[in-house]
J.: 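This is the structure I want to talk about, given as C-alpha cells.
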Amino acid sequence: PYVSAARYGKDNVRVYKVHRNSETGVQTVTEMTVCCLLEGEIETSYTEADNSVVVATDSIKNTIYITAKENPVTPPELFASILGNHFIQKYAHIHVANVKVVTHRWTRMDIDGKPHPHSFIKDSDEVRNVEARISRKDGITVTSAIVGLTVLKSTGSAFHGFVRDEYTTLPEVWDRILSTDVDASWKWKTFENLEAVKASVPKFDETWKAARDITLKLFAEDESASVQNTMYKMCEQILAAVPDVETVIYALPNKHYFEIDLSWHKGTKNTGEDAEVYAPQSGPNGLIKCEVSRS
Ligand SMILES: O=c1[nH]c(=O)c2nn[nH]c2[nH]1
C-alpha cells in the first residue's frame, strides 16, 4: 500500500481580533474559527514515523495567531490566502495549504439610534466562510460562502405539476410556507498568486453583500414554483453581477411546515385557505442542491 492522499494540521482554531481607531475611538471586532491543513512531501511521517517533515500542528496553531496579529483578518479571503501562502513560502516541502475560515457575526449595536463604538450583538448564527487552496503549482483557488442564513416566507411559494404515480401522496399546493437555511457559495477564478488576491480585495466584501442581497430579494419576491427554480435564479443573478466568479453553488433544505386538520374539533377549519396553525417539521426535510457555471 502507499499514501494516496494526505493532509494534516490544526482545526477549530478560534481567533478574535480587535481594531482600535485611536482618532474616532471606534473599535471593530472580528471572530473566526480557522482550519489549516498542509499537504506536501510528508508521506514518510505516515509510513516511516519520520517526524522530521512534520511542522507540528501546535506550530500551525501558533502561526495562525501570529499571522492574525501581523496581517489584516478581513476580508477572510485575504487572510486565508496570506495564511496559506506563509506555509508554502516558509517550508520547501509543503506544497499546498488548505485553509478554511469561518467568520462569526458580531453586528454593531445601535444605541439610542447611533452605532455604538465598541458594543456588538450576535444577531444570528449565520456565518461567512472561505475555503482557500494555496498551491505552489496551481495558484490560489478560493470559494466564499454564506451559511446558516435562515429565512421563511408565509406565502409566495407553490409546488405542483410534479410526478404523480403509485408512490405519490403529496397534494399539489398553490400557496405554501417556504423556509430554508441558505448555504450559498461562489468559486472565484483561480488567482495566480497572493498579489492577485490582494488586487481583488475590494471585490470580496462587495460580492458577499451582493450575493446576500440577491438571495434575500429573490427569496422574498419570487413567486416560487419550486426551490429548484428559485435557487437557479439566485445563481444566475450572482453570476451576472460578479464577472470574477466562475461557479455558484446552492444547497437549500426545504424545512416543511405541515397543515394540521382540526376538523375533529367541532368542525374547525384549518386546512387549505383556512390554514393558520401549522406543525413545523424538524425532519425529514427536502434538500435541493445545484451548481451553476458560466456557459
Ligand atoms: O420545492 C420543492 N421541490 C421539490 O423537489 C419537492 N418535493 N417535495 N416538495 C418539494 N418542494
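Start at 1 and go down the list; that is how both ligands and their atoms are numbered.
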J.: Counting distance only, does the side-chain N/O of T268 pair as donor-acceptor with the main-chain N or O of H265 below 3.5 Å?
T.: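 The answer is yes, because a donor-acceptor pair under 3.5 Å joins these two groups.
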
J.: Can you pull the residues with any heavy atom under 4.0 Å from ligand 1?
T.: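 Answer by chain and number: F159, L170, R176, S226, V227, Q228, N254, I288.
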
J.: Do the side chains of E77 and R128 get close enough for a salt bridge, i.e. N-O under 4.0 angstrom?
T.: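 Answer for the salt bridge query: yes.
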
J.: Are E246 and K187 ion-paired here, with the side-chain N under 4.0 Å from a carboxylate O?
T.: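 Salt bridge absent between E246 and K187.
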
J.: Do side-chain atoms of Q281 reach the backbone of A279 as a donor and acceptor pair under 3.5 angstrom?
T.: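 Yes, the answer is positive, given that a donor and an acceptor are paired below the 3.5 Å cut-off.
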
J.: Could you check N285, D181, T180, T150 and say which one makes a side chain to side chain donor-acceptor pair (under 3.5 Å) with K255?
T.: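 For K255, the side chain to side chain donor-acceptor pair (under 3.5 Å) check succeeds only for D181.
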
J.: With a 4.0 Å cut-off, would you call D138 and R133 a salt bridge?
T.: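 Here D138 pairs with R133 in a salt bridge, since their nearest N and O are under 4.0 Å apart.
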
